[in-house]
Amino acid sequence: MATVFAAPDDLLGAVGQHLGHSDWIPVDQARIDLFAEATGDDQWIHVDPEAAAAGPFGATIAHGYLTLALTNMMLPQIVRVEGISMGINYGVNRVRFPQPVLTGSRLRGSATLTSADELPGGAGVQTVITVTVEIEGQAKPACVVESVSRYLR
């Protein structure tokens, strides 16, 4: 269930708050293949199960940028800001991929509001939300990203 803020200004007082978790998302070979097709990244470690079985991970793995892209699915499940004209993905400050995601894994996001600042002219609030993408059954995360969003009034 998402943490809901009634207005962008409510974010300003919530810095440091853990916002919750997303649902688990399966990462199957079909999802990986579609991402490879969309991005042109068809390296064997992602799309060739037979070759990957003999590779360093024993199976195909998800692209790091696929894992990162899935945070766009996770964040709306974790946090919602009401009373805005729109929300904008503004970018990222830092991304790391500590652990590969094997095909057949399930991922979920865990998020903490790292910072919240008023935008110039009272246009809204800019946040940094640190999203840790967890792999079910694994101690190390798949991805840690500082996601920057703007919530405009």
Side-chain angles (χ1 to χ4, degrees), residues 1-6 8 10-82 84 86-117 125-151:
M1 180 192 268
T3 298
V4 179
F5 294 93
D10 295 344
L11 292 158
L12 299 170
V15 173
Q17 180 178 332
H18 184 261
L19 302 172
H21 295 90
S22 72
D23 295 335
W24 289 102
I25 300 169
V27 180
D28 58 15
Q29 191 63 51
R31 186 184 297 267
I32 293 169
D33 291 345
L34 286 169
F35 188 84
E37 183 180 330
T39 62
D41 183 352
D42 60 357
Q43 185 182 47
W44 64 270
I45 195 70
H46 304 301
V47 300
D48 186 339
E50 188 173 308
F57 305 109
T60 54
I61 61 170
H63 306 74
Y65 285 124
L66 168 56
T67 304
L68 175 62
L70 289 173
T71 63
N72 268 0
M73 183 184 295
M74 296 169 182
L75 273 171
Q77 295 177 7
I78 298 170
V79 62
R80 188 172 76 235
V81 181
E82 298 177 339
I84 60 173
M86 75 174 82
I88 298 172
N89 285 331
Y90 195 67
V92 296
N93 288 338
R94 180 183 163 119
V95 179
R96 295 293 182 265
F97 303 108
Q99 175 87 5
V101 176
L102 296 173
T103 302
S105 297
R106 292 187 342 143
L107 305 177
R108 75 173 180 180
S110 174
T112 300
L113 181 60
T114 307
S115 70
D117 298 293
V125 174
Q126 178 170 298
T127 63
V128 175
I129 297 175
T130 301
V131 181
T132 302
V133 179
E134 302 170 353
I135 307 169
E136 188 175 41
Q138 298 292 317
K140 288 175 72 175
C143 178
V144 180
V145 57
E146 294 175 0
S147 178
V148 183
S149 298
R150 288 186 166 186
Y151 297 97

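Worth knowing before you read on, the calculation uses all heavy atoms, side chains too, and leaves out hydrogens, waters and symmetry mates.
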task = Give a yes or no answer on whether the side chain of S22 reaches the backbone of G109 with a donor-acceptor pair at less than 3.5 Å.
result = yes

inquiry  = If I compare all heavy atoms of I32 with all of T103, which pair ends up nearest, and what's the gap?
reply    = CD1-OG1, 3.3 Å

note = Taken in chain and number order and not counting sequence neighbours, the residues that satisfy ring-ring contact (aromatic ring centres under 6.0 Å, His included) with H63 are F35, H46

query = Does the pair I61 and V101 meet the rule for a side-chain contact (heavy atoms from CB on, under 4.5 Å), with working shown?
reply = CA-CA 5 Å; I61 61 170; V101 176; 5.7 Å; no

key: Audit row: T114, E146, side-chain contact (heavy atoms from CB on, under 4.5 Å) steps and yes/no   = CA-CA 8 Å; T114 307; E146 294 175 0; 5.7 Å; no

task = For S147 and V92, work out which heavy atoms get closest and say how close.
result = CA-CG1, 4.3 Å

note = Rounded to the nearest 0.5 Å, the CG atom of L34 sits from the CG atom of D28 at a distance of 8.5 Å

message = What's the separation between atom OG in S149 and atom CG in L75, rounded to the nearest 0.5 Å?
response = 6.5 Å

inquiry  = Do P141 and V133 make a side-chain contact, defined as non-hydrogen atoms from C-beta onward lying under 4.5 Å apart?
reply    = no

CD on E134 to CH2 on W24, rounded to 0.5 Å = 5.5 Å

inquiry  = Is there a side-chain contact between R106 and R108 in this structure, where contact means two heavy atoms from C-beta onward sitting under 4.5 Å apart?
reply    = no

Side-chain touch L11/Y151, heavy atoms, less than 4.5 angstrom = yes

key: Shortest non-hydrogen separation from L107 to T67 and the atoms involved   = CD1-CG2, 4.1 Å

ask   = Does CD in E37 sit with more than 12 non-hydrogen atoms of other residues, nucleotides or ligands closer than 6.0 Å?
value = no

ask   = Going by heavy atoms in the side chains, are F5 and V125 under 4.5 Å from each other?
value = no

inquiry  = Is it true that T3 and H18 share a donor-acceptor pair across their side chains at a distance under 3.5 Å?
reply    = no

query = Of the options V128, L12, T130, which is the one that meets S115 in a side chain to side chain contact (heavy atoms under 4.5 Å, CB included)?
reply = V128

inquiry  = Quick check for you: to the nearest 0.5 Å, what is the distance between D48 atom CG and Q29 atom CD?
reply    = 9.0 Å

query = Under a 4.5 Å cut-off applied to non-hydrogen side-chain atoms, are F97 and L68 in contact?
reply = yes

remark   = Closest non-hydrogen atoms of V47 and T60, given as atom of the first, atom of the second and distance, are N-CG2, 4.2 Å

note = Correct closest heavy-atom pair for A142 and P98 would be O-CD, 3.5 Å

remark   = On a heavy-atom basis, the closest approach of A62 and L66 is CB-CD2, 4.1 Å

